[in-house]
A.B. asks: 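Please find one structure pasted underneath; my questions will follow.
Basis for what follows: all heavy atoms, side chains included, without hydrogens, waters or symmetry-related copies.
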Amino acid sequence: MNTYELNLCGLKRELPIVRIDDDTSIASFVILGDVELVHVAAKELVKKIKDIDYIVTAEAKGIPLAFEISRQIGMNEYIVIRKSVKTYMNDPLCEIVQSITSRGCQHLYLDEADAQKLKGKRICIVDDVISTGESLKAIEKLVTRAGGDIKSKVAILAEGDAAKRNDIYFLGELPLFTTEPEV
């Protein structure tokens with residue numbers, strides 16, 4: 001299997017290169033279970049997060065990062081946008097998105113109780129990787145519909161055109177591969 005060596009905040013990781021369609025492959029970056037990387041990345045991202053009331057992320061890969069950033073800032077709570085409606089949710093807000101890393105359309109849900117918490121509050125959206133930005137756009141719509149004021153958007157990595165955006169703070173860039181790279 002071909003890999004891509006990621007050097008980030010003094011850490012090295014070998015990322016498997018995974019084909020996502022006939023023309024494109026990505027270096028698959030999964031932070032789930034990588035306590036060291038999440039801790040170090042959160043420490044760097046916290047430096048760019050100012051004057052917020054809530055951290056918002058989408059499940060699932062953003063959860064450990066949102067937790068660690070919240071812990072380092074001293075926040076007792078963060079909000080998770082879900083990918084399915086849970087039995088405890090009442091009247092959730094919904095946005096539909098087509099993400100580069102998901103097959104088919106995906107639904108994102110913000111529980112009404114969480115939406116009420118966001119109303120009139122300053123929000124930082126946290127993600128692991130921003131690729132096309134479609135998931136981020138859906139999260140932004142949900143937060144805005146709930147009445148939240150988005151103050152910042154942070155991610156560990158950006159890839160493709162997302163790396164050219166100046167409205168997201170990120171720590172590193174991942175390439176998109178149009179063909180399998182040579183090893």
Side-chain angles (χ1 to χ4, degrees), residues 18 20 26 28-46 48-159 162 167-171:
V18 177
I20 57 171
I26 61 170
S28 179
F29 179 70
V30 178
I31 64 172
L32 296 174
D34 194 336
V35 175
E36 179 185 36
L37 191 137
V38 169
H39 174 77
V40 170
K43 188 174 179 181
E44 290 303 310
L45 291 171
V46 161
K48 296 297 182 179
I49 300 172
K50 306 281 188 254
D51 301 322
I52 61 160
D53 300 304
Y54 282 100
I55 298 269
V56 174
T57 194
E59 69 178 358
K61 293 191 302 182
I63 293 173
L65 183 61
F67 169 85
E68 183 61 17
I69 288 172
S70 298
R71 190 190 69 73
Q72 289 185 24
I73 290 175
M75 299 179 85
N76 292 322
E77 184 178 22
Y78 59 93
I79 307 272
V80 177
I81 293 179
R82 308 301 301 260
K83 293 183 180 175
S84 62
V85 176
K86 304 301 178 190
T87 56
Y88 60 79
M89 296 171 106
N90 291 311
D91 199 22
L93 300 177
C94 177
E95 286 290 332
I96 299 171
V97 64
Q98 175 65 52
S99 170
I100 191 173
T101 56
S102 298
R103 291 192 173 105
C105 286
Q106 191 174 63
H107 292 76
L108 297 179
Y109 299 96
L110 177 61
D111 184 27
E112 179 185 38
D114 288 334
Q116 290 298 317
K117 292 175 187 176
L118 298 181
K119 189 173 184 176
K121 300 297 184 183
R122 300 165 298 178
I123 309 303
C124 174
I125 298 173
V126 171
D127 207 348
D128 61 331
V129 180
I130 307 292
S131 298
T132 63
E134 292 302 312
S135 295
L136 177 63
K137 191 183 304 179
I139 294 168
E140 289 176 285
K141 286 179 182 177
L142 287 168
V143 169
T144 301
R145 285 174 56 198
D149 181 14
I150 300 166
K151 293 296 186 185
S152 57
K153 296 170 266 189
V154 300
I156 298 174
L157 298 170
E159 64 187 357
D167 64 323
I168 305 165
Y169 178 77
F170 55 92
L171 302 176

A.B. asks: Rounded to the nearest 0.5 Å, what separation is found between the OG atom of Ser135 and the CD1 atom of Ile125?
C.D. replies: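 These two atoms lie 11.0 Å from each other.
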
A.B. asks: Please report, to 0.1 Å, the donor-acceptor pairs under 3.5 Å made by any side chain of residues 50-59, with sequence neighbours excluded.
C.D. replies:
from	atom 1	to	atom 2	distance (Å)
Lys50	NZ	Lys47	O	2.7
Asp53	OD1	Arg122	NH2	2.9
Asp53	OD2	Arg122	N	2.8
Asp53	OD2	Arg122	NE	3.1
Thr57	OG1	Val126	O	2.8
Glu59	OE1	Arg82	NE	2.8
Glu59	OE1	Arg82	NH2	3.2
Glu59	OE2	Lys83	N	2.8

A.B. asks: How about Glu159 and Val129: do any of their side-chain heavy atoms sit closer than 4.5 Å?
C.D. replies: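 SC-SC contact between Glu159 and Val129 confirmed.
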
A.B. asks: If the condition is salt bridge (charged side-chain N to carboxylate O under 4.0 Å, His left out), which residues does Asp128 pass it with, not counting sequence neighbours?
C.D. replies: Lys61

A.B. asks: Determine whether more than 12 heavy atoms belonging to other residues, nucleotides or ligands lie under 6.0 Å from atom CZ of Phe67.
C.D. replies: no

A.B. asks: Look up atom CG in Leu136 and atom CD1 in Ile130, then write down how far apart they are to the nearest 0.5 Å.
C.D. replies: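 Here the rounded value is 4.5 Å.
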
A.B. asks: May I have the list of side-chain donor-acceptor pairs in residues 110-119 shorter than 3.5 Å, sequence neighbours left out?
C.D. replies:
from	atom 1	to	atom 2	distance (Å)
Asp111	OD1	Asn90	N	3.2
Lys117	NZ	Glu77	OE2	2.4

A.B. asks: Just wondering, do Tyr78 and Ile73 contact through their side chains at under 4.5 Å, heavy atoms?
C.D. replies: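 A side-chain contact under 4.5 Å is absent here.
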
A.B. asks: Search all heavy atoms of Ala162 against all heavy atoms of Ser131 and return the closest pair with its distance.
C.D. replies: CB-O, 3.0 Å

A.B. asks: Checking side-chain contact (heavy atoms from CB on, under 4.5 Å) between Leu171 and each of Val154, Leu157, Leu45, Val40, which is the one that passes?
C.D. replies: Leu45

A.B. asks: State, to 0.1 Å, how close Cys94 and His107 come at their nearest heavy-atom pair, and which atoms those are.
C.D. replies: SG-CD2, 3.8 Å

A.B. asks: Partners of Glu68 by side-chain hydrogen bond (donor to acceptor under 3.5 Å, both in side chains), sequence neighbours excluded?
C.D. replies: His39, Arg71, Gln72

A.B. asks: Could you tell me whether the side chain of Leu108 reaches within less than 4.5 Å of the side chain of Gln106, counting heavy atoms only?
C.D. replies: yes

A.B. asks: Name all residues meeting the side-chain hydrogen bond (donor to acceptor under 3.5 Å, both in side chains) criterion together with Asp167; count only those two or more places apart in sequence or in a different chain, and write none if there are none.
C.D. replies: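 If we apply the side-chain hydrogen bond (donor to acceptor under 3.5 Å, both in side chains) test to Asp167, skipping adjacent residues, the hits are Lys153, Arg165.
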
A.B. asks: Listed by chain and number, what are the side-chain hydrogen bond (donor to acceptor under 3.5 Å, both in side chains) partners of Lys151, not counting sequence neighbours?
C.D. replies: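 Scan of Lys151 (side-chain hydrogen bond (donor to acceptor under 3.5 Å, both in side chains), adjacent residues dropped) gives Asp149.
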
A.B. asks: Look up atom CG in Leu65 and atom CG in Leu32, then write down how far apart they are to the nearest 0.5 Å.
C.D. replies: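 So the CG of Leu65 and the CG of Leu32 are separated by 11.0 Å.
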
A.B. asks: Of all heavy-atom pairs between Cys105 and Ile96, which one has the smallest distance, and what is that distance?
C.D. replies: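 Residues Cys105 and Ile96, closest heavy atoms: CB-CG2, 3.9 Å.
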
A.B. asks: For Ser28, enumerate each residue passing the side-chain contact (heavy atoms from CB on, under 4.5 Å) test, keeping only those at least two apart in sequence or located in another chain.
C.D. replies: Pro16, Val18, Val30

A.B. asks: Output all residues satisfying side-chain hydrogen bond (donor to acceptor under 3.5 Å, both in side chains) with Lys141, sequence neighbours left out; order by chain, then residue number.
C.D. replies: none

A.B. asks: I need the Thr144 OG1 to Leu93 CG distance, nearest 0.5 Å.
C.D. replies: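 Answer rounded to 0.5 Å: 11.0 Å.
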
